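Have a look at the structure below, then the notes.
Owing to the predicted nature of the structure, the values given are computational and were not obtained by experimental measurement. What's counted below: heavy atoms across the whole structure, side chains too, no hydrogens, waters or symmetry copies. Order of the sequence lines fixes the chain letters, A, B, ..., with proteins taken first and strands second; residue numbering starts at 1 for each chain.
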Amino acid sequence: MVEFDEELIERLRKVQKTIALKAIIEDRFEKPICKIAGVDVAYNGLNAYAAVVVLKLPDFRVIEKITYRDKAAIPYIPSLLCFREGPLILRALRNIREEFQVLMVEGHGIAHPFKCGLATYVGVLSGRPSIGVSRRLLAGCTCEVPKAPLEHKPILLNGEVVGYCLRPRNRAKPICVSPGSFISLETALEVSIRSLGYYRMPEPLRLAHLAANDTKRLHVFE
DNA sequence: GCGACAG
DNA sequence: ATCTTGTCGC
């Protein structure tokens, strides 16, 4: 596990800013969206387990599910999550055979202090459209909170709309949606809404989360 | 100075 | 994220 010092953090900040400049917040894929992937990572001490699921819309039928295991390279530092999980996710993605149009990631996209959240990192470095969906705000703010189901309010960061705060269900706490790269603000929101099932988190992420934890437990059991 | 801080 | 069982409520 790599140790963090101020110098390393500064270097990573520069990498983030470079990646942020390469992010393209426009739709760069075929529509309508029918296949979407979700990825999540679970940990067991130093072991990291990534799971990627590819599912079809609108029925949420899973057409592929893979897992990938490796050692956690660096610890978690708020706003530097992409360097902990990003490389692992990029390697896991290489094992996916099915085609998909958008990758949904657990974390933020451009709704990040340096506009380079995990979803942006993965999107830019893989060259694939990506969306970041998070359970809480990291950067920026919302002037008001969405009240009704599927209601949404913009997330503002330095006077710019970088994503949306979305109420997924009646009483559920809102989630934060922001483009990673190669997708527009509107489409990131639309895809997130279309990916919602019965739970708070969109199905691609919920299923990836379950899969990641399943393999973690299986590995521990052996 | 104090608190907040994706997973 | 992770450590963890039962339990209150729709």
Side-chain angles (χ1 to χ4, degrees), chain A residues 1-2 4 6 9 12-13 15-17 19-20 23 38-52 67-93 103-125 130-142 149 155-158 162-166 168-181 188 192 198-202 204-221:
Chain A
M1 185 91 86
V2 175
F4 270 76
E6 288 306 316
I9 289 178
L12 296 180
R13 292 280 182 236
V15 174
Q16 284 186 309
K17 290 171 183 171
I19 292 174
V39 60
D40 190 28
V41 182
Y43 294 89
N44 173 42
L46 291 179
N47 291 313
Y49 305 81
V52 183
T67 57
Y68 181 85
R69 179 171 66 88
D70 205 339
K71 294 293 182 186
I74 60 176
Y76 166 71
I77 304 277
S79 83
L80 293 176
L81 174 66
C82 63
F83 299 106
R84 174 168 166 82
E85 302 192 348
L88 179 75
I89 290 174
L90 290 176
R91 291 195 294 275
L93 279 178
L103 173 68
M104 192 172 281
V105 179
E106 182 99 37
H108 292 287
I110 60 172
H112 176 281
F114 302 100
K115 300 189 75 174
C116 181
L118 178 59
T120 300
Y121 178 101
V122 172
V124 168
L125 297 187
S130 62
I131 300 176
V133 177
S134 166
R135 293 180 298 251
R136 46 198 282 199
L137 211 52
L138 172 66
C141 62
T142 53
I155 294 173
L156 292 168
L157 179 61
N158 302 320
V162 292
Y164 295 96
C165 178
L166 167 70
R169 294 177 53 72
N170 202 338
R171 300 270 210 106
K173 184 179 170 185
I175 56 179
C176 305
V177 175
S178 63
S181 189
S192 297
Y198 183 74
Y199 301 87
R200 173 156 91 122
M201 295 303 274
L205 291 184
R206 193 180 70 83
L207 296 178
H209 184 79
L210 292 178
N213 281 98
D214 278 351
T215 50
K216 181 190 72 175
R217 296 193 189 94
L218 279 178
H219 185 73
V220 170
F221 208 50

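- Across all strands, A/Arg171 comes closer than 4.0 Å to no nucleic acid atom at all (heavy-atom distances).
- Among the protein residues, A/Leu205 comes within range of no part of the nucleic acid, since none of its heavy atoms lies under 4.0 Å from any strand.
- The shortest distance between the side-chain N/O atoms of A/Arg135 and the OP1/OP2 oxygens of B/dA6 is not below 4.0 Å.
- Among the heavy atoms of the strands, none lies under 4.0 Å from A/Ile77.
- Test A/Leu88, A/Val39, A/Leu103, A/Leu125 against A/Leu93 for side-chain contact (heavy atoms from CB on, under 4.5 Å) and you get one pass: A/Leu103.
- Proximity of A/Leu80 to A/Arg13: side-chain heavy atoms (C-beta onward) are separated by under 4.5 Å at one or more points.
- Atom-to-atom, CD1 of A/Ile155 to P of B/dA6 comes out at 14 Å; the value is rounded to the nearest Å.
- In this structure, A/Ile155 and A/Cys176 approach most closely via the heavy-atom pair CD1-CB, 4.0 Å.
- Rounded to an integer number of Å, the gap from NE2 of A/His108 to P of B/dG7 is 7 Å.
- Atom CD1 in A/Ile175 sits roughly 16 Å away from atom C1' in B/dG7 (whole-Å rounding).
- Residue contacts shown for A/Ala111 are absent, as no nucleic acid heavy atom lies under 4.0 Å away.
- Residue A/His112 contributes atom NE2, which lies 10 Å from atom P of B/dA6 at whole-angstrom precision.
- Across the protein-nucleic acid pair, A/Leu138 atom CG and B/dA4 atom P stand 15 Å apart, rounded to whole Å.
- Atom-to-atom, CD1 of A/Ile74 to P of B/dG7 comes out at 16 Å; the value is rounded to the nearest Å.
- Looking at heavy-atom distances under 4.0 Å, A/Tyr76 makes contact with a base.
- With rounding to whole Å, A/Leu166 atom CG is found 20 Å from B/dA6 atom P.
- Nucleotides of DNA chain C that come within less than 4.0 Å of any heavy atom of chain A span, from the 5' end to the 3' end, C/dA1 to C/dT2.
- With rounding to whole Å, A/Arg84 atom CZ is found 13 Å from B/dA6 atom P.
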